[in-house]
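Just so it is clear: chains get the letters A, B, ... in the order the sequence lines come, proteins before strands, and each one is counted from 1. The shown structure was predicted, so the numbers you read here are calculated from the model rather than taken from an experiment.
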Amino acid sequence: MPDIIYILEMIGVVAFAISGMIVARQKNMDPVGVFTIGFVTALGGGTLRDLMMDNHPLYWIKHQEQPILILSMAVVFSYSGLAGRIRESRIVFPDAIGLGVFSILGAQLALDLGHSWFIASLLGVMTGTFGGALRDTLCNEVPFIFRKDQIYASISFAGCWLYFLCQWLLASESLALTIGLLFIVIARMAAVRFDIRLQRDHHG
Amino acid sequence: MPDIIYILEMIGVVAFAISGMIVARQKNMDPVGVFTIGFVTALGGGTLRDLMMDNHPLYWIKHQEQPILILSMAVVFSYSGLAGRIRESRIVFPDAIGLGVFSILGAQLALDLGHSWFIASLLGVMTGTFGGALRDTLCNEVPFIFRKDQIYASISFAGCWLYFLCQWLLASESLALTIGLLFIVIARMAAVRFDIRLQRDHHG
Amino acid sequence: MPDIIYILEMIGVVAFAISGMIVARQKNMDPVGVFTIGFVTALGGGTLRDLMMDNHPLYWIKHQEQPILILSMAVVFSYSGLAGRIRESRIVFPDAIGLGVFSILGAQLALDLGHSWFIASLLGVMTGTFGGALRDTLCNEVPFIFRKDQIYASISFAGCWLYFLCQWLLASESLALTIGLLFIVIARMAAVRFDIRLQRDHHG
């Protein structure tokens with residue numbers, strides 16, 4: 001189980017980093033910007049969660065292979081023609097895996113540290129979504145999770161509660177984790193496919 | 001005394017959250033955005049103060065009734081016609097109470113943790129004003145406390161020093177707290193009423 | 001040696017604070033904004049580094065003469081004609097000293113706290129450059145270190161590694177520090193003089 005989780009986590013880190021780097025290239029940033037935005041998108045949510053819970057050393061300080069990977073990606077991304085060839089639509093699925101893994105693991109860590117279900121669900125959502133919010137703020141945009149876009153943070157929130165419920169009902173950690181994770185990935189893919197939003201613009 | 005303080009604190013949290021939610025609605029955000037901006041405006045200043053002083057668990061983690069309240073407010077705010085009916089002018093008074101309570105209690109906490117008057121005054125101002133600054137940054141605006149607007153942070157700063165002085169002269173914690181708080185609320189209301197600014201635009 | 005380092009550090013703090021205040025004045029901010037942006041530019045990088053490593057009390061809380069100095073500078077800057085008379089070109093050299101001192105000392109602190117060379121180099125760059133990035137974000141601009149501008153963060157990164165290498169080869173802390181610092185200052189001055197960039201705009 002831990003190995004599978006780490007692989008899923010790496011998929012999420014890579015997908016989030018790529019989504020950051022695509023935005024950085026669109027904003028015409030240099031390699032330093034591409035690396036920083038990639039780093040912040042992939043690891044910013046977990047960093048904020050760790051700071052909020054005073055959980056040290058931070059995730060990326062303990063797992064330095066992750067910033068090293070992101071740095072290598074930024075170099076390749078900046079100096080090859082790769083950037084122009086990855087379309088955002090291609091990262092919807094790995095991004096959904098990242099959202100799922102980060103949310104559930106963030107919430108689980110909060111429970112392990114003794115927090116309530118409600119606080120753990122907030123910290124799970126923070127882990128899953130704040131990297132993207134920081135990316136947008138540094139790129140001088142209103143974060144997309146706040147816009148009337150296809151649902152994202154709400155799915156993370158619902159997935160955390162589903163995970164708590166399954167954990168409580170089924171008394172099986174790994175089964176609960178699998179259900180929570182699958183729910184988030186499937187719901188996110190459905191939200192993109194069927195254009196599900198919490199609210200719509202009146203002049204839409 | 002503690003009960004009165006907690007009631008005043010709740011008034012401040014509610015007023016700050018509403019001011020955040022009004023801005024989020026103006027920016028046409030969905031319910032996730034309305035909740036997040038409300039949360040950040042109400043609890044962001046205290047969170048930053050706690051992080052700066054390594055004071056854990058954070059205020060909102062210890063008092064989870066406050067994020068729960070803000071979440072409920074965000075749902076009502078997003079799905080009722082309420083948003084359009086609260087005019088910003090109506091929250092000037094509760095916002096002034098929030099500024100006063102947050103500033104004085106932030107400064108007092110810093111003193112309790114052994115910091116100097118100067119550091120405590122900075123942390124008091126941070127507690128009172130940085131929620132609003134974070135709200136404006138996330139909404140992609142230059143924070144209003146930095147603009148040539150009616151004085152806000154300066155009143156918080158002066159109020160903290162008045163509180164320290166009264167505490168030192170009067171040797172009565174609750175009297176000093178009352179004076180500092182009243183000063184901030186009255187000065188802020190006067191600043192709005194009589195349009196008091198630190199500087200004006202030359203082309204104003 | 002420590003005395004010289006503290007003097008260089010003060011030069012860096014003053015240069016960074018001035019660069020922040022110049023931007024704040026260009027954005028037409030009031031004295032509160034001038035102080036806050038000056039503070040964030042000068043002390044924001046070190047604050048973030050300390051938070052990441054859970055290193056308390058924060059640098060500016062331990063050295064309160066530095067925020068006091070920045071507050072005094074902000075008052076003079078706002079109420080004298082000084083602001084209009086300092087041209088940005090005049091602070092390129094003290095800014096380069098600040099970049100050098102902050103980067104090397106940030107990296108050294110990370111090593112002292114037991115982190116790897118790679119993590120220490122990231123924290124060194126963060127110390128040297130994130131004050132400026134926060135300044136730009138609060139002023140509602142895309143941070144200049146991410147733009148295709150003359151190299152800045154890359155010099156800090158290279159300087160940290162040169163410092164580690166010299167420390168390892170020469171076994172002399174103070175010699176390694178001097179070489180790393182001189183490299184960053186000279187390379188930065190050369191980058192500005194000869195317009196050295198990592199990448200250029202295609203339509204440049």
Undergrad: Please look at C:Phe144 and chain A and tell me whether the side chain, the backbone, both or neither of the residue comes under 4.5 angstrom of a heavy atom of that chain.
TA: neither
Undergrad: What pairs with A:Phe39 under ring pair (Phe, Tyr, Trp, His ring centres under 6.0 Å), at least two apart in sequence or on another chain?
TA: A:Phe35, A:Trp60
Undergrad: With only heavy atoms counted, which part of A:Ile68 is less than 4.5 Å from chain C, the side chain, the backbone, both or neither?
TA: both
Undergrad: Provide the full list of side chain to side chain donor-acceptor pair (under 3.5 Å) pairs with a residue in residues 13-23 of chain A, sequence neighbours left out, each pair given once.
TA: A:Ser19-A:Arg135
Undergrad: Is C:Thr137 in contact with chain A via its backbone, its side chain, both, or neither, using a 4.5 Å heavy-atom distance?
TA: side chain
Undergrad: Hey, does A:Leu138 have a side-chain heavy atom less than 4.5 Å from the side chain of C:Val142?
TA: no
Undergrad: Check whether A:Asp54 gets within reach of chain C through its side chain, its backbone, both or neither, counting any heavy atom under 4.5 Å.
TA: side chain
Undergrad: Is it the backbone or the side chain of C:Leu123 that comes under 4.5 Å from a heavy atom of chain A, or both, or neither?
TA: side chain
Undergrad: How long is the gap from CE on C:Met53 to CD1 on A:Ile61, to the nearest 0.5 Å?
TA: 7.5 Å
Undergrad: Can any side-chain N or O of A:Asn28 pair as donor or acceptor with the backbone N or O of C:Arg147 at less than 3.5 Å?
TA: no
Undergrad: Report which part of C:Leu122 has an atom under 4.5 Å of a heavy atom belonging to chain A: side chain, backbone, both, or neither.
TA: side chain
Undergrad: Spell out, as yes or no, whether a donor-acceptor pair under 3.5 Å connects the side chain of C:Gln199 to the backbone of A:Ser78.
TA: yes
Undergrad: Applying side chain to side chain donor-acceptor pair (under 3.5 Å), which residue pairs with at least one partner in residues 113-126 of chain C are found, sequence neighbours left out?
TA: A:Gln64-C:Ser116, C:Ser121-C:Trp161
Undergrad: Between chain A and each of C:Asp136, C:Asn140, C:Val125, count heavy-atom pairs under 4.5 Å; write down the option with the most.
TA: C:Asn140
Undergrad: Does any heavy atom of chain A fall under 4.5 Å from the side chain of C:Tyr152, the backbone, both, or neither of them?
TA: neither
Undergrad: Where does A:Pro67 contact chain C at under 4.5 Å (heavy atoms): side chain, backbone, both or neither?
TA: both
Undergrad: Hey, could you give me the CD1/CE distance between C:Ile145 and A:Met29, rounded to the nearest 0.5 Å?
TA: 9.5 Å
Undergrad: Select all residues of residues 93-106 of chain A having any heavy atom within less than 4.5 Å of some heavy atom of chain C, and report them by number, or 'none'.
TA: none
Undergrad: Apply the test side-chain contact (heavy atoms from CB on, under 4.5 Å) to residues C:Phe146 and A:Val34: give CA-CA distance (whole Å), side-chain angles for both, the deciding distance (0.1 Å), then the verdict.
TA: CA-CA 7 Å; C:Phe146 303 162; A:Val34 169; over 6 Å; no
Undergrad: Within a strict 4.5 Å, meaning less than it, do heavy atoms of the A:Asp30 and C:Arg197 side chains meet?
TA: no
